[in-house]
Participant: 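Can you read through this structure? Questions will come right after.
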Amino acid sequence: MASAFSSDRFLKVATVHMDVEYGNPKKNLDLLVWLCRSAAALGAKLICAPEMCLTGYAYHSPGAIMPMAETLKGKALETLSQVATECQAFLVAGLAEKDAETGMLFNSAFAISPDGQLVCHYRKINAETRWAAPGPAVQDNVFLTPWGGLGLLICSDAYHSLLPRVAAIKGASLLVLPTNWPLSEDGFPLSLFCLRAMENGVWVLAANRGGQEDEIDFSKARSLLVDPQGQIFRGTSSGVDHRVRSYELPLTDAGLIEERRLPVMAGRQPDQYHRIYGDLSRIDDLTGYLGLPRPGYLDVHALAPGRAEPLEFLDKVLDLFSPGSLVLLPQADYGEERLRQINRLAKKAQVGIIASKTPPMGTTALTPAARFLASKQLGAPLKSNFSLWPVHDYGPARLMVADLDSLRHPELALAAAKDGVDLILCPAVDLSKEDGLMLRLRPIEQVAVAASSPNLAQIHLIPQGHGQGRGATALAGQVATYSVDTGLTRRKSFQDRVDFGAVFKSPVPGRPWLKVHP
């Protein structure tokens with residue numbers, strides 16, 4: 001039976017894309033109410049407004065925002081409750097909040113049901129340090145609707161992979177994000193939202209804003225809906241300057257949000273993730289503390305040989321590599337003779353070469369069969385504190401070899417980063433467009449990544465700030481080359497305000513509908 005809140009097979013959702021006027025909450029509230037009514041007129045049953053949508057964003061002190069901060073029993077939330085009832089829709093909005101009991105300030109998001117009840121209250125964890133307190137690590141930010149679980153996050157909370165991951169584990173089929181995030185030249189944060197949707201098998205709805213505030217230009221910022229395959233949905237627009245965008249989200253025959261969450265989560269290996277809850281915030285010298293090689297520069301070359309046989313391609317380009325470099329080959333069926341040939345080439349050029357065997361036919365999972373072949377003696381693999389995957393020290397770097405399926409889950413990269421790994425190496429048989437996106441953004445977990453396949457090779461560094469790191473990409477018949485400074489890969493910054501207990505639990509399956517509308 002289809003939900004009473006939707007058409008037979010679709011749920012209409014909408015984003016309110018506002019040009020928020022700084023410091024004018026009354027005017028912004030009037031605009032928000034009008035836009036919510038416009039969204040409801042389009043048939044939207046879930047409406048999301050931007051982060052800090054009544055006050056604007058760029059405040060530099062608690063005193064500047066305090067007079068405009070909303071309490072749980074404030075007039076703005078009372079008005080929004082009335083609007084949700086009038087529109088017969090779930091309404092999500094991001095507001096500056098003052099805790100009535102303590103006077104503490106938070107960047108918060110509120111979800112109100114069609115009967116006017118506050119069903120979710122979330123405080124941003126990656127908060128603005130100039131005025132806001134960070135939200136607690138453990139929050140009840142997943143709430144039930146007639147279409148399944150919805151998870152609430154705010155803007156750059158989505159930058160830290162474990163925050164969306166925990167919401168998905170707790171049962172969210174759709175992540176809803178009030179956002180204030182200008183669009184960068186490299187397409188960030190749109191690519192980030194696509195990655196979070198893919199790696200969790202969920203939908204992502206992000207409501208952004210327009211206009212200009214302080215030195216922040218939101219004129220190109222985008223609101224969007226992303227499906228679990230990482231595809232951005234095109235919606236319809238209404239209202240002045242296309243401020244309301246609505247989307248038809250497909251439902252199952254049972255009227256629930258279609259998702260890939262549980263099949264995606266089935267590939268997780270929590271027994272290899274325990275390093276992620278280690279706290280390195282008080283460690284100034286990771287090199288000494290973790291016994292890492294002395295930092296320096298390592299030239300890394302990832303090959304994309306195209307249709308050429310990998311070793312023939314390697315032989316042609318070998319003279320381009322300086323002694324001491326590290327060369328990554330695609331995953332292939334390397335027999336013993338080919339491995340001996342790789343060893344001869346490594347000695348000839350005085351470089352390290354990494355090759356990984358393709359698993360035998362019928363193997364359901366790749367075993368760690370990578371071989372490090374180099375002119376220098378590498379010794380036996382280091383004993384990892386958490387993972388079955390090979391770890392070696394080579395020159396100034398600590399390296400790990402991992403397969404593509406394992407890297408599709410952010411926990412492995414994060415655990416490796418906390419264990420001191422500078423660079424994860426991923427030999428692959430094939431890399432899709434979606435794999436390329438994942439590998440490009442995986443260094444957000446504070447570890448550099450290099451990948452090699454016949455059609456695509458990539459090397460990407462840890463980013464500075466909330467964006468993607470620098471790097472190199474090569475297409476078929478090319479070589480991706482980058483000099484990795486392990487002095488920089490040791491400067492790691494982690495978001496540890498995470499519900500780590502939830503990370504190691506089994507994902508919550510689908511739940512019965514919750515009746516929210518009499």
Side-chain angles (χ1 to χ4, degrees), residues 298-360 363 366-378 381 389-395 397-407 421-432 435-436 439-440 442 448-460 471-484:
L298 175 64
D299 292 337
V300 180
H301 311 279
L303 276 58
R307 296 183 179 180
E309 201 280 326
L311 297 194
E312 292 180 0
F313 184 79
L314 172 63
D315 196 22
K316 289 180 180 179
V317 299
L318 197 60
D319 290 342
L320 301 176
F321 309 147
S322 59
S325 297
L326 187 69
V327 181
L328 177 62
L329 295 177
Q331 188 181 119
D333 185 18
Y334 299 111
E336 290 301 319
E337 177 55 37
R338 287 187 174 184
L339 292 176
R340 286 192 288 271
Q341 184 180 353
I342 291 173
N343 199 28
R344 290 194 294 269
L345 293 173
K347 290 180 179 179
K348 172 185 174 182
Q350 292 290 292
V351 298
I353 300 177
I354 297 165
S356 179
K357 288 184 177 181
T358 304
T363 302
L366 174 65
T367 57
R371 298 197 182 189
F372 283 70
L373 305 166
S375 57
K376 300 178 181 178
Q377 180 63 37
L378 293 178
W389 295 104
V391 175
H392 285 261
D393 287 346
Y394 180 75
R398 178 156 293 178
L399 311 172
M400 172 186 277
V401 180
D403 76 338
L404 188 60
D405 286 339
S406 296
L407 269 183
V421 172
D422 296 297
L423 175 65
I424 292 179
L425 302 158
C426 180
V429 175
D430 181 63
L431 292 175
S432 67
D435 293 329
L439 292 165
R440 190 167 74 244
R442 192 53 79 217
V449 174
S452 172
S453 76
N455 61 307
L456 180 66
Q458 294 177 287
I459 305 168
H460 293 284
T473 299
L475 302 178
Q478 300 176 340
V479 178
T481 296
Y482 210 94
S483 184
V484 177

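The first residue in the sequence is number 1, and the count goes up from there. Hydrogens, waters and symmetry mates are skipped; everything else that's a heavy atom, side chains included, is used.
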Participant: Report the distance from atom CD1 of Ile353 to atom CG of Leu339, rounding to the nearest 0.5 Å.
Facilitator: 11.0 Å
Participant: Treating Tyr394 as the side-chain partner and Leu326 as the backbone partner, does any N or O pair qualify as donor plus acceptor under 3.5 Å?
Facilitator: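 Looks like no, no N/O pair under 3.5 Å.
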Participant: Do you know which of Asp435, Thr473, Val449 makes side-chain contact (heavy atoms from CB on, under 4.5 Å) with Gln458?
Facilitator: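 Running side-chain contact (heavy atoms from CB on, under 4.5 Å) over Asp435, Thr473, Val449 with Gln458 returns exactly one hit, Thr473.
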Participant: Drop me the distance from Glu309's CD to Leu314's CG, to the nearest 0.5 angstrom.
Facilitator: 9.5 Å
Participant: Looking at Arg398, is its backbone amide N or carbonyl O close enough to the side chain of Asp422 to form a donor-acceptor pair, meaning the two atoms are under 3.5 Å apart?
Facilitator: yes
Participant: One thing to verify: whether Arg307 and Glu312 come together as a salt bridge, which I'm taking to mean a side-chain N less than 4.0 angstrom from a carboxylate O.
Facilitator: no
Participant: Where is the tightest heavy-atom contact between Ala474 and Ala480, given as atom of each residue plus distance?
Facilitator: CB-N, 3.3 Å
Participant: Does Leu431 offer a backbone N or O that forms a donor-acceptor pair with the side chain of Asn455 under 3.5 Å?
Facilitator: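 Yes, because the side chain of Asn455 sits within donor-acceptor range (under 3.5 Å) of the backbone of Leu431.
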Participant: Where do Pro305 and Ser453 come nearest, in terms of heavy atoms and distance?
Facilitator: CD-O, 3.8 Å
Participant: If you look at every heavy atom in Phe313 and Ala308, which pair is closest and at what distance?
Facilitator: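 Reported closest heavy-atom pair: CB-CB, 4.2 Å.
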Participant: Indicate yes or no: at least one non-hydrogen side-chain atom of Val300 is less than 4.5 angstrom from one of Leu328.
Facilitator: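 No. Closest side-chain heavy atoms not under 4.5 Å.
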Participant: Is Pro427 close to Val401 at the side-chain level, that is, under 4.5 Å between some pair of heavy atoms?
Facilitator: yes
Participant: Quick one: side-chain hydrogen bond (donor to acceptor under 3.5 Å, both in side chains) partners of Thr481, sequence neighbours excluded?
Facilitator: His301
Participant: Can you see which heavy atom on Met400 is nearest to which on Val391, and at what distance?
Facilitator: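 Looking at all heavy atoms of both residues, the shortest contact is CE-CG2, 3.8 Å.
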Participant: What's the separation between atom OG in Ser452 and atom CG in Leu303, rounded to the nearest 0.5 Å?
Facilitator: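 Separation between the atoms: 6.0 Å.
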Participant: Drop me the distance from Leu329's CG to Leu311's CG, to the nearest 0.5 angstrom.
Facilitator: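 Rounded to the nearest 0.5 Å, the CG-CG separation comes to 6.5 Å.
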Participant: Using side-chain hydrogen bond (donor to acceptor under 3.5 Å, both in side chains) as the criterion, list what pairs up with Gln341, not counting sequence neighbours.
Facilitator: none
Participant: Distance-only criterion, 3.5 Å: show the donor-acceptor pairs between side-chain atoms of residues 315-322 and protein atoms not counting sequence neighbours.
Facilitator:
from   : atom 1 : to     : atom 2 : distance (Å)
Ser322 : OG     : Asp299 : OD2    : 3.4
Ser322 : OG     : Ser325 : OG     : 3.1

Participant: Using every non-hydrogen atom in the two residues, find where Leu407 and Ala402 come nearest and quote the distance to one decimal.
Facilitator: CG-CB, 4.5 Å
Participant: First locate atom CZ of Arg344, then atom CD1 of Ile342, and finally report the distance between them rounded to the nearest 0.5 Å.
Facilitator: 10.0 Å
Participant: Kindly give the heavy-atom pair with the smallest separation between Ala457 and Ala302, and that separation in Å.
Facilitator: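 Distance-wise, the nearest heavy atoms are CB-O, 3.4 Å.
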